[in-house]
Novice: 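So that we are looking at the same thing, I have put the structure below in structure tokens.
Chain letters run A, B, ... following the sequence lines, proteins first, then strands; residues in each count from 1. Just so you know, these numbers use all the heavy atoms, side chains as well, and skip hydrogens, waters and symmetry mates.
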There are 2 protein chains.
Amino acid sequence: MLYACFMSSALPPFPPSQEPLDIPQLLEVGMGPEEPCLRADAARNRARLLEAAARLIAEHGVAGVTMEAVAAAAQVGKGTVFRRFGDRTGLLMALLDHSDRKLQADFLGGPPPLGPGALPLERLRAFGVAVLYRRVEQLDLHLAAQMEPTRRFSHPAVTALRTHIAMLLRQIVPEADCELLSQTLLNSLDPALIHHQTRQCGMPMERLESGWIDLVARVTGTRAPD
Amino acid sequence: MLYACFMSSALPPFPPSQEPLDIPQLLEVGMGPEEPCLRADAARNRARLLEAAARLIAEHGVAGVTMEAVAAAAQVGKGTVFRRFGDRTGLLMALLDHSDRKLQADFLGGPPPLGPGALPLERLRAFGVAVLYRRVEQLDLHLAAQMEPTRRFSHPAVTALRTHIAMLLRQIVPEADCELLSQTLLNSLDPALIHHQTRQCGMPMERLESGWIDLVARVTGTRAPD
DNA sequence: TTACGATCCGGACCGAGGTCCGCTTAATTT
DNA sequence: AAATTAAGCGGACCTCGGTCCGGATCGTAA
């Protein structure tokens, strides 16, 4: 009744922190109870599905990632895909899981200015820039995975980012409504917005980058006078 | 070959303005060339479809607005719905058109603090609050109409809002990247975000409202010291 | 009034996401 | 090793958004 437990789909829950707790070990905490611990065949199929999906993306772009196509490419029934990932969004999210964990590890325990060791303001700047570029790297995937407004903000990976921003904000502007501000700030890095700005408005990444820096400065009230 | 022209679906294009041009007449400008001017039967069917859709929403919620259901309720073929509105999003957008125009009229030519006559900063504050409440009023509709990240930012109604913010910003912080800032600010009023904050996080509207006020103050650097 | 052409209409058709349920298989227990 | 059971599997099936094209209709011009 207890199966080998690996390749979890969702990020581990990020405990709400009032204090700057930047322990890398956090990444490993809390994976116990809510990870279903797949059966051997299920885990194997899961891996094959993810691999197949990645291959399909590489070959035909995100639009080519049809649930039936993925199932066929993985030589698996269609129902299996849905059983494992819930829906298409879940599958795409799972594909982004690796990058998400990497980013999370970077700002939780990596070197400054992203990780602990730098000033909160510097970390916040670096954080936004990091998110920006990593999202651009896989923009199509992010866009495709972003349908459905409901889960967009409650996904663990997004929650982790928001919580991190909130923590940094609390160290910089403790008197502000950091919960709200963190949501606002993170939302300004919305993949759909990035897509619009870069691809539809033709803004270069440098502009978005300095836009984030400027926004942080304004929001935290740490603007150098012009 | 020239038909009666009424009940246009899209908002009139909002000409890019460097100067504060707040003439109500703007609402009527530019409706000429790109409005197709429907044929009589087409216009009649269009009206029936919108009415049917509204009725369906009232009865079964937004989820009940199926293209086939709307067509059936309007006693019209399914193809007609798509011909007229392009897709489901288009239909839902058209349903929001009235509110959009009203809001636009309010901040273009209505009484202060929303309309011209008040200080730019006051107008910006009032603008966000107005958008906030109007979106909450029809939140489900806004959410359903918001699928597809591509058109979310390029729709005329959204563009109009963003342009207006940009115009106000230029009067307050001319040295800033107002284009970018306006997108950021408007995105902080994203219906999906509002949904998450009010319904998933349980934040009261007052908090969102003061959050906007505070955000505007921070972004424009007009914060009163605590 | 009649003829003409552009526009529109309708519903059959398709593809893809998502559900369901009977069957299979892996892990556990005796 | 055999029995038990929870989990997984597969693919038929459904719904719904979106497309297409032959035929009907409207507005116009002769």
Novice: Nearest to the Lys78(A) side chain among dG18(C), dC8(C), dA26(C), which nucleotide is it?
Specialist: dG18(C)

Novice: Identify whether the distance between the nearest side-chain nitrogen and carboxylate oxygen of Asp41(B) and Arg46(B) falls below 4.0 Å.
Specialist: no

Novice: Would you kindly compare Glu68(A) and Gly77(A) by the position of their nearest DNA chain D nucleotide and give the one closer to the 5′ end?
Specialist: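 Nearest-nucleotide comparison on DNA chain D picks Gly77(A).
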
Novice: Which one, dG18(D), dG17(C), dC9(C), comes nearest to the side chain of Arg88(A)?
Specialist: dG17(C)

Novice: Under 3.5 Å, is there any donor-acceptor pair linking the side chain of Arg83(B) to the base of dT7(C)?
Specialist: no

Novice: Between dG17(C) atom C1' and Glu148(A) atom CD, what is the distance in whole Å?
Specialist: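 Value for this atom pair: 12 Å.
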
Novice: Return whichever of Gly79(A) or Val65(A) has its heavy-atom-nearest nucleotide of DNA chain C closer to the 5' end.
Specialist: Val65(A)

Novice: Nearest whole angstrom, please: distance from the P of dG17(C) to the CG of Leu49(A).
Specialist: 14 Å

Novice: In whole Å, I'd like the distance from the CZ atom of Phe85(B) to the C1' atom of dG18(D).
Specialist: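 After rounding, the gap between these two atoms is 16 Å.
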
Novice: Could you state the CZ-P distance from Arg46(B) to dT7(C), rounded to the nearest angstrom?
Specialist: 18 Å

Novice: Taking the minimum atom-to-atom distance to the side chain of Thr80(A), which one of dA26(C), dA12(C), dC9(D) wins?
Specialist: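 Minimum distance to the Thr80(A) side chain belongs to dC9(D).
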
Novice: With no hydrogens and no angle check, is any side-chain donor or acceptor of Arg123(B) less than 3.5 Å from a backbone partner on Leu168(B)?
Specialist: no

Novice: Without decimals, in angstroms, what is the distance between Arg48(B) CZ and dC9(C) P?
Specialist: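 Value for this atom pair: 10 Å.
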
Novice: Look at the side chain of Asp41(B) and decide which nucleotide, out of dA16(C), dG10(C), dC9(C), has an atom nearest to it.
Specialist: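 Shortest atom-to-atom distance from the side chain points to dC9(C).
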
Novice: Below 3.5 Å, does any donor atom in the side chain of Arg39(A) face an acceptor in the base of dA27(C), or the other way round?
Specialist: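 No.
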
Novice: Run the salt bridge (charged side-chain N to carboxylate O under 4.0 Å, His left out) test against Arg152(B) and tell me which residues pass, sequence neighbours left out.
Specialist: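 For Arg152(B), the residues satisfying salt bridge (charged side-chain N to carboxylate O under 4.0 Å, His left out) (neighbours in sequence not counted) are Asp190(A).
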
Novice: Looking at Asp87(B) and Arg151(B), does any basic side-chain N land under 4.0 Å from a carboxylate oxygen?
Specialist: yes

Novice: CG of Asn45(B) versus P of dT7(C): gap in Å, rounded?
Specialist: 17 Å

Novice: Distance check needed: dA27(C) P versus Arg44(A) CZ, whole Å only.
Specialist: 10 Å

Novice: Between P on dG17(D) and CZ on Phe82(B), what's the gap in Å once rounded to a whole number?
Specialist: 6 Å

Novice: Is the ring pair His164(A)/Phe127(A) parallel, tilted or perpendicular, if the boundaries are 30 and 60 degrees?
Specialist: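 Plane angle between 30° and 60°, so tilted.
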
